[in-house]
A.B. asks: 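Here you go, one structure.
Chain letters run A, B, ... following the sequence lines, proteins first and then strands; every chain starts at 1.
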Amino acid sequence: MPSFTLLGQSVVSGLLAGGLYGLLALGLSLSWGLLRLVNLGHFALAFLGAYLTYQLGTAFHLPAWAAALIIVPVFFVIGVGLHAVFAYFRVTEFTSLLVTFGITVIIESLIQWFWTADFRRFETPYASTSSRIGPLFIPTLELLAGLTATALALGTWAWLRLTYVGKALRASAEDPEIAAAFGVNHRAQAFLLSGVSAAYAGVAGVFIALISTLAPSQIWSWLGVVFAVVIIGGLANPVGALLAGLLIGVSESVTMAVVTPAWAPLVSFSVLILILVARPGRA
Amino acid sequence: MCKVRELLRRLTAVVAALALVGAALPAAAAPSGAPIRIGSTLALTGPLAPTALIHKIAGEIYVEQLNRGNGLLGRPVEWVLYDDQSKPDVTRSLYEKLITVDKVDLIMGPYATSGILAAMGVAQRYQKMIIHHSFGMPHLATYEMHFPVAPFGPEPQKTVPGMVFDGLATTKTPPKTVAIVTSKFPSAQYQSNGAREVAEKRGLKVLLYLEYEFGTRDWGSIAARVKDANADFLWVGALGLDGNQLLEALKKLDYSPPRHFHLFPAPGPMITAPEAKLALSNTFFEEHPPFTNDVSSARLVALFKERATKAGLPYTAVDTQAAGSFSAWQVLEAAIAATKSLDDKALAAWLRKNKVDTMEGKLHFDGVNNYGEDLSKLRQVQDGKWLVVWPKEFAAPGARILP
C-alpha cells in the first residue's frame, strides 16, 4: 500500500504534468474545433519554440521570459502565414491531417539539421527548485506552466464567450453561411485564430524547453496523449482541454505510483475510450 | 683508409637520401580499383539518433583512414549508409535493399539491440556475415555468422550486475538495499531484471523494481517512489537522458540517492549535471590510461574529438559507443587482411578461430553465441570526467570508487 505522501506527491506531479498537456492541447483544440483543421504541425511548432528558447538562452543568454516575448509574436505571424497556405490550397479537415503531418516532418528535419539529433538541455538555475507544502514538493517550473495554462484557458474561454470576435468565430464554426449572412468576416477571423493557436504553441514550447530534455524525435511523443486530451476536453473548449489534461495527468501519475509506470501510457487512451463509451457524442 | 672513409661517407649519404625519399612517400600505395562496398544503417533520426551519430562519425573516420592507407586488399572502401529512423522494420527493409539491390560486398550492423536483431535476420537469410557494435541480449543472437563487438559476454544479465556489485563490495559501505528502475527497452530491461536476481542472490534487499516505457515524459511519480524506497543503491536501467531526468526529478523532491548506477546513459549530460555527481556506469573504454596507451587508439581518440567538435556534438570524448564502432571496423579489417578475401564464410571462419586486438581489448568469438568474456568496467563521474574505477587493473591512475 503506497504511503499518503507518495500518493499526494503523485497527485501533485500529475496535476502539474496535466497543466502542460492542457497548454499543448489548447491551440490544437481551437484550430480543430473552430477552423476544422487538425493541425499536427502544432507539436512541431511547440518544439521549434522550445529549441528557439534553448538557442536564445544558451547562445545569447536571454532569460526564458525574454525569449517568450520574441517567440510568441513571431509564432503568431507564422500561424497567420500557415493559414494563408491552408486557405490558398483549400485544405479541408481531412487533408489538413496529411498536410500538417508533412509540415511536422519538415520542421523536425530542420530542427535536426540545425541542432543535430543529440539531446539538448536548457540548464537554468531554477530548473530543479521546488516549494514545500508539508511533506509535498511543488516544482517551480511545472507550477508556472500549470498556472500559465490555467490563465490562458480561462482567458481564451472568456474571449470566445464574451467578445464579438469569439462569438463570431463560434458562429462561423457552427454555420459559416448563416454567420456570413450576419456580416461575420470568417476569413479574417480565421487568420487571427490561427495566429493565436501558433502563439500558444510558442508558449508551450518555452515551458517544454525549461522542463524537458529536447530531441527532435520527441515531437511525436506528445501526440497521442495530447490528442486524447483534446477529444476528452471537447473541441474548441479551452477549459475542457485544461481539465482533460489534469484528468489524464493525475490518472497517469497515480497509476505510476500505485501500479507501475509501464501502465501509464495505457491510461490516457483507456480514459478516452471510457468517456466516448459513456458519452458517444463527445467529439 | 681514406678510400674506405670516402666509401662510408658516400654510403651514409645514399642511405640518408633514401630515408628522406622514403619519408616523403606515403606509407602504402594508394588504393585502386573498384571500391569494396560495405553497407549498413544507423538510426540517424528518431529516438536513438543522438547515440547513432557517434557511430556515424567513428565509421566515417575509420573508412577515411583506410582509404588514406591501402584501403582493404588494395581497393578503396565505400561505406553505403542509410538512415533506419530508429525503427527495426525500416532497418530490416534497408538491409534487404543493401544486399539485393545495392549488392554490397559486406554488411556491418546498425546501432542498438532491436535494429541489430532485425538486421541479423536478413543477414541470416542471405548468409551474410554481420559484425555489430551495440547488441545487449546475447541469448537472442544465435546466427552463426554474427560477431558481437560490444563485449558483454554471453550472460550480461549476470556478469554486468555482478561486476557492479563486486566493485561496490570493495567500498567501506557496501549497499544493503537496492532500488531498480528500468526502461522497457529490451537490453536495458533484460540486464536490469538480471540485476534484481544478482542482488537478491548476494543477499541484498531489493526494495523497489519499476519498469517504465521508453520515452516516458513525467518522472515525478517515479521519483516519488524512488524517494519512498530510500535504498542504499539505485540501479537505473536507463537509455540516453532518462537517468538525468530521473535525478533531476529526485532533486525537485529534495532527494539524492546515496549511490546511483546508469546502464546506457548519454555520457555528456551525465558529467555536466550537478545532481549526477559521482554517477556510476559501465564502459568498455575511456580516454585515459591504460586504454589510451595504444598509439592507434590515441590517434583515433584525437581524430574523433576533432570531428565530433566540428559536427557540433556536445560530448566529444571517445567512450563505449565510439570505441565500439572503431572496434567493429578493426575486426572487419583484421579478418579481411588475414583471409585476403571478401567471402562471408571465409571471414566468419577466421573470426571464430582468432583473436583480434581492438580499442576495447582483445576480442574473441569462440564462446556461446560467438561471445567472448564480458569486458565491462565500472566508471564514475569524478571531477567532471568519466574515470574507470573498477576493476583495479583498468582504473584511471589513482582513481577508486567514491565515496
Side-chain angles (χ1 to χ4, degrees), chain A residues 2-3 5-18 20-21 108-109 112 114-121 123 127-130 132 136-142 208 211-218 220-222 225 249 252-258 260-266, chain B residues 42-54 56 83 85-86 181-184 189 209-229 240-242 244-245 247-255 266 268-269 272-275 308 311-315:
Chain A
S3 65
T5 307
L6 175 57
L7 268 180
Q9 191 63 56
S10 71
V11 169
V12 168
S13 174
L15 284 172
L16 299 178
L20 199 55
Y21 293 162
E108 185 191 4
S109 302
Q112 181 155 323
F114 192 80
W115 285 282
T116 78
D118 217 331
F119 294 113
R120 303 282 162 171
R121 186 78 179 98
E123 298 288 351
S128 304
T129 55
S130 298
R132 189 171 178 168
L136 304 180
F137 290 84
I138 322 282
T140 311
L141 283 174
E142 282 88 340
I208 289 172
I211 293 168
S212 303
T213 300
L214 303 177
S217 61
Q218 283 177 349
W220 306 101
S221 72
W222 296 82
V225 70
E252 281 186 347
S253 200
V254 170
T255 306
M256 285 191 198
V258 177
T260 172
W263 283 28
L266 297 177
Chain B
L42 283 173
L44 301 177
T45 54
L48 300 174
T51 316
L53 266 181
I54 296 171
K56 179 173 182 272
D83 173 17
Q85 302 166 26
S86 306
V181 177
T182 182
S183 163
K184 284 179 82 177
Q189 187 188 32
Y209 181 86
L210 282 185
E211 291 179 351
Y212 62 86
E213 285 297 335
F214 182 46
T216 286
R217 290 175 303 272
D218 177 22
W219 293 91
S221 292
I222 298 175
R225 289 188 72 170
V226 171
K227 183 183 177 184
D228 201 50
L241 278 183
D242 288 1
N244 283 71
Q245 292 182 103
L247 291 173
E248 205 170 278
L250 285 167
K251 193 177 174 190
K252 286 177 184 175
L253 303 184
D254 195 27
Y255 179 77
T272 50
E275 57 274 9
L313 294 197
Y315 186 67

A.B. asks: Contact part of B:Ala52 toward chain A, heavy-atom cut-off under 4.5 Å: side chain, backbone, both or neither?
C.D. replies: neither
A.B. asks: With a 4.5 angstrom heavy-atom cut-off, could you sort out which part of A:Tyr21 is near chain B: side chain, backbone, both or neither?
C.D. replies: side chain
A.B. asks: Give me the atom names and distance for the closest heavy-atom approach of A:Ser128 to B:Lys251.
C.D. replies: CB-CD, 3.6 Å
A.B. asks: Determine whether A:Pro261 and B:Thr216 make a side-chain contact, defined as any pair of heavy atoms from C-beta on separated by less than 4.5 Å.
C.D. replies: no
A.B. asks: Is there side-chain contact between A:Ser253 and B:Asp218, with at least one heavy-atom pair below 4.5 Å?
C.D. replies: yes
A.B. asks: For B:Lys184, is it the side chain, the backbone, both, or neither that has a heavy atom closer than 4.5 Å to a heavy atom of chain A?
C.D. replies: side chain
A.B. asks: For the CH2 atom on A:Trp115, are there more than 12 heavy atoms of other groups (residues, nucleotides or ligands in this structure) within a distance under 6.0 Å?
C.D. replies: yes
A.B. asks: Can you tell me which portion of A:Gln218 sits under 4.5 Å from chain B's heavy atoms? Options are side chain, backbone, both or neither.
C.D. replies: neither
A.B. asks: Under the rule for salt bridge (charged side-chain N to carboxylate O under 4.0 Å, His left out), what residues qualify as partners of B:Glu248, not counting sequence neighbours?
C.D. replies: A:Arg121
A.B. asks: Provide the closest heavy-atom pair for B:Thr45 versus A:Gln112 in the form atom of the first, atom of the second, distance.
C.D. replies: CG2-NE2, 3.0 Å
A.B. asks: Can you tell me which of B:Arg217, B:Glu213, B:Gln245, B:Glu211 forms the most heavy-atom pairs within a distance under 4.5 Å of chain A?
C.D. replies: B:Arg217
A.B. asks: Quick one: NZ on B:Lys252 to CD1 on A:Ile138, what's the gap to the nearest 0.5 Å?
C.D. replies: 12.5 Å
A.B. asks: Rounded to the nearest 0.5 Å, how far does OH of B:Tyr209 lie from OG1 of A:Thr260?
C.D. replies: 9.0 Å
A.B. asks: Taking side chain as everything from C-beta outward and backbone as N, CA, C, O, which of these in A:Val225 sits under 4.5 Å from a heavy atom of chain B? Side chain, backbone, both or neither.
C.D. replies: side chain
A.B. asks: Using heavy-atom distances under 4.5 Å, tell me whether A:Pro265 contacts chain B through its side chain, its backbone, both, or neither.
C.D. replies: side chain
A.B. asks: Would a 4.5 Å heavy-atom cut-off, applied to side chains only, mark A:Ser130 and B:Asp254 as touching?
C.D. replies: no
A.B. asks: Taking the side chain as every heavy atom from C-beta outward, state whether A:Thr116 and B:Leu53 have any pair of such atoms under 4.5 Å apart.
C.D. replies: yes
A.B. asks: Identify, with sequence neighbours excluded, every residue that meets salt bridge (charged side-chain N to carboxylate O under 4.0 Å, His left out) alongside B:Lys227.
C.D. replies: none
A.B. asks: If you round to the nearest 0.5 Å, how far is OG1 of B:Thr272 from CD of A:Glu123?
C.D. replies: 6.5 Å
A.B. asks: Which pair of non-hydrogen atoms, one from B:Ser221 and one from A:Ser10, has the smallest distance, and what is that distance?
C.D. replies: OG-CB, 3.5 Å
